[in-house]
Amino acid sequence: MHRLGATRSRLKADHLLQTPDTFIRSPLPGASGVEFVIHAAPQMGARFTEMTAEFVAGGSLGPAPAQRFVYVLEGELALTVGGREHVLGKGGFAYLGQGAAHTVRAVSAARAAVIEKPYEALPGAPAPEIVVGDEAAVTAAPLMGDEAVRVRALMPDGPEYDFAVNTMTFDPGAALSMVEIHVMEHGLLMLEGGGIYRLSEAWYPVQAGDFIWMRAYCPQWFGALGKRPAKYLIYKDWRRHPLGA
Ligand code: UGY
Ligand code: MN
């Protein structure tokens, strides 16, 4: 069935809304048994890459060209790093610093969000450590005191880390308390539920499965609609001077 050329996807100068009907899968060097939907990349103005990796059982990622963050959406992945194997189920995540030797192999058919970013080293800061965790074990913090919007920080917040990845959960009817305009860019994957996303001068209906990229300074606001919470995974660059100094 075709859609007569219609889609909710939109590409603008300062944002992308990419809905699953427009996803195109591609292979990447070094990976086997994995197809990638490359959502954000330098080719469209992003300073990082974010992709959904779709694994067959036994599929594996290739080497990372930069820092790598993996968040399991479905199925199980075995991460081998530092001589140990960690099995990550849904909500399991890992951060591998640039150059950290590791392998990621699917135990079963699986899907994962993979974020990669060239590391901006900070003189005097220690080297980033490898992080392996489970979102279910991360304490949620209310956003600016609003218990209806809960943030779980998946990355440690030290000077050695140059990006953050959080999940944000909105009760039905909950919303960001302000339109944000900030220097950080975002990659955002809708995980559950839906609502309305304001990006720049447009208001979009969004739902689980959609991806959004926001360039630095893209005006942004979200309100959750429906009868169940809305939840998204959100990346931002963090803790670095805009001049790179
Ligand atoms: O962390 C953030 O900037 C986040 N509050 N932005 C967003 O949800 N669009
Ligand atoms: Mn923001």
Side-chain angles (χ1 to χ4, degrees), residues 8-19 39-40 44-50 52 67 69 71 73 91 93 95 113 115-117 120 131 133 135 138-159 161-226 228-242:
R8 287 185 296 111
S9 287
R10 292 288 184 275
L11 175 60
K12 304 284 181 187
D14 64 357
H15 64 270
L16 166 71
L17 168 62
Q18 191 185 31
T19 60
H39 301 296
M44 43 77 95
R47 289 174 293 128
F48 66 103
T49 57
E50 180 160 351
T52 298
Q67 302 175 95
F69 183 91
Y71 175 90
L73 301 165
F93 61 89
Y95 163 77
I115 296 166
E116 292 169 340
K117 176 187 186 294
E120 292 173 68
V131 176
E135 189 199 348
V138 177
T139 307
L143 182 70
M144 295 178 176
D146 184 353
E147 297 283 349
V149 182
R150 295 174 293 281
V151 182
R152 287 182 175 83
L154 307 186
M155 286 285 291
D157 189 18
Y161 301 98
D162 67 358
F163 68 88
V165 181
N166 302 329
T167 61
M168 296 185 58
T169 305
F170 297 73
D171 286 340
L176 292 177
S177 63
M178 55 186 282
V179 177
E180 296 180 11
I181 302 180
H182 53 60
V183 69
M184 301 85 76
E185 64 179 331
H186 282 312
L188 184 160
L189 187 62
M190 290 294 301
L191 299 175
E192 294 172 19
I196 299 292
Y197 229 105
R198 176 186 171 167
L199 299 169
S200 206
E201 299 312 315
W203 278 254
Y204 300 104
V206 297
Q207 63 186 18
D210 293 349
F211 176 81
I212 295 169
W213 168 68
M214 298 171 226
R215 188 188 283 275
Y217 294 102
C218 176
Q220 57 198 258
W221 174 89
F222 178 68
L225 290 175
R228 52 173 297 190
K231 177 177 167 186
Y232 52 74
L233 180 76
I234 184 165
Y235 157 94
K236 62 182 168 190
D237 49 302
W238 192 234
R239 278 187 174 273
R240 288 297 180 268
H241 195 286

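We count ligands from 1, going down the list as the structure has it; atoms in each ligand are counted the same way.
- Here is the list of ligand 1 atoms found below 4.0 Å of a heavy atom in I234: 6 (N), 7 (C), 8 (O), 9 (N).
- Nearest to atom 1 (O) of ligand 1 among the protein's heavy atoms is K236 NZ, 2.8 Å.
- Here Q220 reaches the Mn ion (ligand 2): one of its N/O/S atoms is less than 2.8 Å from the metal.
- Proximity of Y197 to ligand 1 is established by a heavy-atom distance of less than 4.0 Å.
- The residues E135 and K231 are annotated as salt-bridged, a charged nitrogen and a carboxylate oxygen being separated by less than 4.0 angstrom.
- With ligand atoms numbered from 1 in the order given, ligand 1 contributes 3 (O) to contacts under 4.0 Å with heavy atoms of H182.
- Between F69 and F93, the ring planes are parallel. Angles under 30° get that label, and only those over 60° would be called perpendicular.
- Remark: ligand 1 and N166 share no N or O pair separated by less than 3.5 Å (distance only, no angle test).
- Partner of W213 under the side-chain hydrogen bond (donor to acceptor under 3.5 Å, both in side chains) criterion, out of E185, Q18, E50: E185 alone.
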- Item | From CA spacing to verdict: side chain to side chain contact (heavy atoms under 4.5 Å, CB included), D210, R8 | CA-CA 10 Å; D210 293 349; R8 287 185 296 111; 2.8 Å; yes

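- Scanning both residues, D146 and A175, for their nearest heavy atoms gives OD2-O, 4.1 Å.
- With a 4.0 Å heavy-atom cut-off, ligand 1 is reached by no atom of L143.
- Between Y232 and F170, the two ring planes are tilted [angle within 30° to 60°].
- Closest heavy-atom approach to atom 5 (N) of ligand 1 within the set H186, E185, E180: this belongs to E180.
- Within the structure, the closest approach of Y232 to ligand 1 falls below 4.0 Å when heavy atoms are considered.
- No option in Y235, F48, W238 other than Y235 meets the ring pair (Phe, Tyr, Trp, His ring centres under 6.0 Å) test with F163.
- Between the NE2 atom of H182 and the OE1 atom of E180, the angle centred on the Mn ion (ligand 2) amounts to 90° when rounded to 10°.
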